[in-house]
Protein chains: 2
Amino acid sequence: MSTKQVYSFGPDGTEGRSDMRELLGGKGANLAEMASLGLPVPPGFTISTAVCAHHTETGGYPEGLTDEVREALAKVESRVGARFGDPKNPLLVSVRSGAPASMPGMMDTVLNLGLNDETVRGLADKAQDERFAYDSYRRFIQMFGDVVLGIDHSRFEEALELYKEEHGYNLDTELTADDWKALIEQFKQIVEDETGEPFPQDPEQQLWKAINAVFGSWMNQRAVTYRRLHNIPQNWGTAVNVQAMVFGNMGDDCATGVAFTRDPSTGDNEFYGEFLPNAQGEDVVAGIRTPQPLTTHAKQKNDSDLPALEETMPSVYRQLHDVRQKLESHYRDMQDIEFTVQRGTLYMLQTRTGKRTARAALTIAVDMVKDGIITESEAVERVSPASLDQLLHPTLDPEAEREVIARGLPASPGAAAGVAVFTADRAEELSQAGTDVILCRTETSPEDIHGMHAAKGIVTARGGMTSHAAVVARGMGRPCVAGAGQLRIDEQQRRMIVDGVTVKEGDTITIDGAAGEVIRGKVPTVKPELSGEFATFMGWADRLRELGVRTNAETPQDARTAVEFGAQGIGLCRTEHMFFESDRITAVREMILAESEEGRRGPLARIEPMQRQDFVDLFRIMAGFPVTIRLLDPPLHEFLPREDADMHEVAQAAGMTVDQVRARALKLTEANPMLGHRGCRLGITYPEIYEMQVRAIFNAAADVAEETGETVEPEIMIPLVAVAKELEILRGLVDRVASEVMKDRGTRIAYKVGTMIELPRAAMLADAIAKHADFFSFGTNDLTQTAFGISRDDAASFMPTYQSQGILSTDPFISLDQDGVGKLVEMGAREGRRSNPALSLGICGEHGGDPDSIGFCQGTELEYVSCSPYRVPIARLAAAQAAIRQRKAQRAAA
Amino acid sequence: MSTKQVYSFGPDGTEGRSDMRELLGGKGANLAEMASLGLPVPPGFTISTAVCAHHTETGGYPEGLTDEVREALAKVESRVGARFGDPKNPLLVSVRSGAPASMPGMMDTVLNLGLNDETVRGLADKAQDERFAYDSYRRFIQMFGDVVLGIDHSRFEEALELYKEEHGYNLDTELTADDWKALIEQFKQIVEDETGEPFPQDPEQQLWKAINAVFGSWMNQRAVTYRRLHNIPQNWGTAVNVQAMVFGNMGDDCATGVAFTRDPSTGDNEFYGEFLPNAQGEDVVAGIRTPQPLTTHAKQKNDSDLPALEETMPSVYRQLHDVRQKLESHYRDMQDIEFTVQRGTLYMLQTRTGKRTARAALTIAVDMVKDGIITESEAVERVSPASLDQLLHPTLDPEAEREVIARGLPASPGAAAGVAVFTADRAEELSQAGTDVILCRTETSPEDIHGMHAAKGIVTARGGMTSHAAVVARGMGRPCVAGAGQLRIDEQQRRMIVDGVTVKEGDTITIDGAAGEVIRGKVPTVKPELSGEFATFMGWADRLRELGVRTNAETPQDARTAVEFGAQGIGLCRTEHMFFESDRITAVREMILAESEEGRRGPLARIEPMQRQDFVDLFRIMAGFPVTIRLLDPPLHEFLPREDADMHEVAQAAGMTVDQVRARALKLTEANPMLGHRGCRLGITYPEIYEMQVRAIFNAAADVAEETGETVEPEIMIPLVAVAKELEILRGLVDRVASEVMKDRGTRIAYKVGTMIELPRAAMLADAIAKHADFFSFGTNDLTQTAFGISRDDAASFMPTYQSQGILSTDPFISLDQDGVGKLVEMGAREGRRSNPALSLGICGEHGGDPDSIGFCQGTELEYVSCSPYRVPIARLAAAQAAIRQRKAQRAAA
């Protein structure tokens, strides 16, 4: 390796830059950048990630590294005016890891390296503080022993505790220099006992051992797993930062602190931070002493008794405030910084982009655009689409206590409290009586819809992120915890049991849908208001995006919510949900139980006017927008009653015996309903059902057009096509019925006929199918199920193992599997367009609301995504970001 | 159109040839060929299929056609020495359709065309038989009215019947010339009433109307549907044959007959046919008079009283016998011929390759090779692979009466009779007592295996060609009728009901698995013996094929059968079937009910020696051959008991309560088991199960190697891989356990590890998966299920509609869907080989035994197919034919 391996930074001659993150890691690159900006950074150097890669591969170091390190160390010595290992004037350093991406699990920090039995005396003299020097030394041995030598830190802690007990001390601060000296001997003994070798006295040996440990930690199990789960390449490697120590604990003119350049919680443009006088960095984090505010403003605001830095060290504060301005205008984003004050002098130890709440992200982005710091496009890139969810649902008061009794999947965000109920009917009953309820079921089915609607939140013991409960709850905007496997829900006895705790009907529980928690009792919630900036910000996103955003909705309420959230039409209206309404379910069941077409036509005629009214309502709300209506999709047996009482009712209505009803239901039962008699297979075998639906749609369109004069554009979607001929036949049916209605009503209605591409065969033979289609909508839920051969309802039993073993990095029902399912979508889009250039393309699976998947849709040049109402803003933002990324990549390629 | 449109044939100047089938149709090409051979063919001409295409497209005829027809007709006139429309000496012609492929549904034949009120008198004079002439005329009006003018033939029949009643006649033969004259007037009136126009008297007009009708019939609904179902291109078109009439009904020196050049039933090299003196062709087919044998040999053999042609017309017979020799040596295949004798002169009216039974096909092919007429390769091409099935199973006596009470799918060929039973246990019980039983179930599950084994045949009311019952029955060689939907099987009441007929336990029924029939009572069966030629013939096929043929088998009996049938190893051993044996099912269930790995290890240890013995048995039988063993595949709940008694037993064995067992079973239940917790997902989540199986396999291999010295080559197959990492992890498991066993036993065992490619995602990402695989076996059953999104167990409710509407031309579970699923197989093969050139490839779905699918496998260059034991000979032959076809195509391309 002939390239540079070590990069120095400091008051003069800094060799790195912030854009060298890949080579220097995040921490190293930002230290170099701060030094270049002239900020007071203690001098040091960074060993590059390339050295780590070499070390991982060979176990050794590239040629010349020792010389480069020695040279860089010499520069630090001369800048600080001290020498590494010098007994009189020792240079002490910190050694820290720093990967290109933030990554827990790796070796973190060794402070005070360079101390030994001799240099500790030099430090004591220099600091004129013996206690400080020996305390530093014992801290060093402890830290080095733990993170470099791999000795369990409890060994040291026990020794310290024992010593304190023996000497009647309560606090560490009571120990004197002599006490520390005695303990240091004990600590050294522990090291020798554990490693078989004495504690290394040679600072250079200490340094290389520490460097070694950092590089070695790149491959430790936790780090490897973390990278696998977060798609961080294993060959990136970490850098090592070696930096001159500064001390915030050398007296009352010393301090250490952390700060954000703006409020990370609200986004307000206020300097926000904490410090501790006479302390080391770790003390702030440890939370033993109460930190003090930075500004008098914060002091007043929080009604604090403790003096602010602005008061106690006004000149340091002014300096720090300048740093804040400099960093923000340089990085053009809110920063999270660490600093230390050593004997009145400010030192900057770290800066990085600060984490923030969704609300803060939005506020900061909008403020920075207003202040001309960033462009609208940059602002749009600054907010994580998924985080918007926090702004759309009520959340639990973060300050409140929680007695979590079970955990499941965070299936639908938001929080809700209410009394536990275990059947849909009971949920409806209590809710109508004005009680807030949480519906708890082993799993939900379409028959529970009314109960889910009535409930404030839903809990299931079984099912994944895309289980019936989860999908419906997200669609309704209800919080939901799904697949809380520890719960034993006993619907009969109206109770659930978890770890010995029994929750009976009527007991109050709270659920946190964003965290996947089921909590005993009522936890207060906070209802976040959409800040005024929200609309401004989303407007920018809308101008920047290329993908349209529609919604999956079938009830007027959902449709209205979606339009408020900015949906530009309905991408998926699942007509079967309409069939479950109580005023028609009996007729639907009668229709299903009929053994002949003739027998079906009677009940269908009774359903038709209701179905027509459904569409009238939707068309009114969606006036001017396209509405994609999927004809009946699920297997008919899903509509049949399971309970005796319901069977009785249906039998009576249909003029059959309960036994006949039961027999027919049994005959319709399927081994694998997902792959059974459903979708367009129903339309082929029972054309009268689709005919009724199409008639209802076109009559409704004509009704609304007459009433409002607004053009309604129905798009009829045929589900589950596998063979081109299926679509050819059913398109014929739609065209025929449509022209009958139009002739009858004496009007013209513009409409489209298309299909869902949701089976692998359809994606592969999209060219043939496209000949009969005006549009394709990729149904990526079913496409994922069939491509993987995984039923989403049954995946819970192995999906956790699959994720923990790194077989799947994400749940493919949440984020589109771009390698496999994505390949099918691309194939379908390409082949479909090739044979029918006028074909319009969209996606209506759950993935339509997932930011990563939306990026994929942008790449595949789909025209729109469709998602549940509460996901619409997320999709709008993700679409804008995807478009921005694509334009950047295109510019870079050009 | 400037090319030739009309082709003459006759004693001199024949313009067509037998290889012009596409242009002249089958009938026209063979008439031309016979004429060229100098055989006595009445002169005529053929209007080409290209004219039909033009007619279909434009409704009119290409320029110049009228002239060409007139010219060709003039040639016929001069050859026959008669003139079309000449009142004294009229030429009469037949007009027949003739497409390139045999195709029912089109207009067939008009005889005697050219007759009118004047020419009929000329015919009477010429034939010196007035009754004959007027009978011919009325037949002509009737036929022309029916097939050309579209008048319902019952109109004519009613008139005739009425006339006979009025005149006290019983038989047509009683009618005199005058009677026919009177009826002709009535017939002409019917034509005028129905069409509004008089019956056309102009022969040229008659001719063009008939030609028009033939071409028009190409597009009639029945023909269009037939072509769609049989993949005959719609643009082929039919030809029209116009040929001078000859009459077999002009007196006792006349006759008409049909013959096969060899016995089509046995294949014996004997001239085989029938004739009727003084009759027209249609009379032979109509079956009113008993036809007479051709040869005295046949007369003696069948103990017939009627004189043979050889006796009554010895010279004609000798001439016909010469024709037989000439045609066979010319066509080099058995021919099906039609002839007419007019006043002592023989005329040939048709020759075509004769249909024959499987046995005859085999015998003829082998004989012809022995006689040096055809090559071995040609012989192999002559026998339909599917027809071999007839030779492998007992069949019902075709002569016997059948009272068919229900029809289902011909799921497994062969016939069987026995008493109906409705549970597996009862089947076993009665069978052990020596009674033949037919097991009738709504559907079967793995728990019925022992009953299916005990039964002579299986009937189900539900399920398709690849339902559990069908697959297992074929594997066992048991006849099976599946999905007989009219049956209402009541297992509780031990009876089944169909259309008011009740079959109780103990009632005898017969099933015909090849026809899909359930028959009341006992129909005698015939057990066909494999003729000595079978082995010779199959030997030729084996030398010519390139694909290996393995079998799907897990029991010693199946394995032995397959080896006898020529299998070269096991391509799929489904280990789960072994788990159902009664000596281990309780341990298996205990294992499944355990809640922890520890709890599973106990029962697994008890299963291991039994599993090991299973493999020892298989390895012994398959010594020297590869054995591909698929590790456990089905969802665990499939093994759990459903009946209370079984639950009780398991509960006792596992030390649980029945309620606990029931609860656990419920918890394991899945919404879509096909897409659930199965296949390698079990191996990932419960590695101890796969470890046990792998240990058993390698110990068994070592056992057999020690015992026999023969090398056993286990191939471990991991099912249901969707993600490369799954295979990587489980290959690691196999390698680890294998090396432990080998170390333990101090031996080396060569083995392979591979996977089934049975999910679309796996096929698409085959490159990544192939990195961890020694072999791929395409599991086209599951691949078809997932590509189409169709569960084979649930397809019965719509598959018939799909086939009748032409959406699917064949059931994709029977013959591989080459457009869609085939594309996935090709992708998997190509990508797999690209990343791992050493990869070996095979197929083990049901399609491995389907001839068309085997052709596809040859094209995709797979190494072997694997199929159920009884399909092995079929696969061997189909593979040989596929190889021959491919070599021909390659030669043609070169």
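Throughout, a chain's letter reflects where its sequence line sits, starting with A, and its residues are numbered from 1.
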Next on the checklist: Given A/Leu675, which partner from the list B/Asn672, B/Asp793, B/Leu675 fulfils the side-chain contact (heavy atoms from CB on, under 4.5 Å) test?
Outcome noted: B/Leu675

From [X] [atom1] over to [Y] [atom2], what is the distance, rounded to the nearest 0.5 angstrom?
X        : Y        : atom1 : atom2 : answer
A/Gln805 : B/Ile729 : CD    : CD1   : 4.5 Å
B/Glu726 : A/Leu808 : CD    : CG    : 7.0 Å
A/Arg761 : B/Thr786 : CZ    : OG1   : 12.5 Å

Show the nearest heavy-atom pair for residues [X] and [Y], with the distance to one decimal.
X        : Y        : value
B/Pro760 : A/Pro760 : CG-CG, 3.6 Å
B/Ser797 : A/His677 : OG-ND1, 3.2 Å
A/Lys667 : B/Arg462 : CA-NH2, 3.8 Å

Checklist entry - In terms of heavy-atom pairs under 4.5 Å, which option from B/Ile790, B/Val821, B/Leu759 contacts chain A the most? => result B/Ile790

Item to check | When B/Thr801, B/Thr685, B/Ile807 are compared by non-hydrogen pairs under 4.5 Å with chain A, the top option | outcome: B/Ile807

Measure [X] against the heavy atoms of chain B and call it side chain, backbone, both or neither at under 4.5 Å.
X        : answer
A/Glu758 : neither
A/Ala671 : both
A/Asp782 : neither

Checklist entry - Can any side-chain N or O of B/Lys823 pair as donor or acceptor with the backbone N or O of A/Met764 at less than 3.5 Å? => result yes

Checklist entry - What part of B/Arg678 gets closer than 4.5 Å to chain A, counting heavy atoms only: side chain, backbone, both or neither? => result neither

Next on the checklist: Just so I know, are the side chains of B/Tyr802 and A/Lys725 near enough to count as touching, which here means a heavy-atom distance under 4.5 Å?
Outcome noted: no

Item to check | Within-4.5 Å side-chain heavy-atom neighbours: B/Met799 and A/Arg681 | outcome: no

Between [options], which residue shows the highest count of heavy-atom pairs closer than 4.5 Å to chain B?
options                                : answer
A/Asp794, A/Thr442, A/Leu668, A/Leu682 : A/Asp794
A/Ala722, A/Gly789, A/Gly676           : A/Gly789
A/Val721, A/Leu720, A/Val723, A/Thr669 : A/Val723

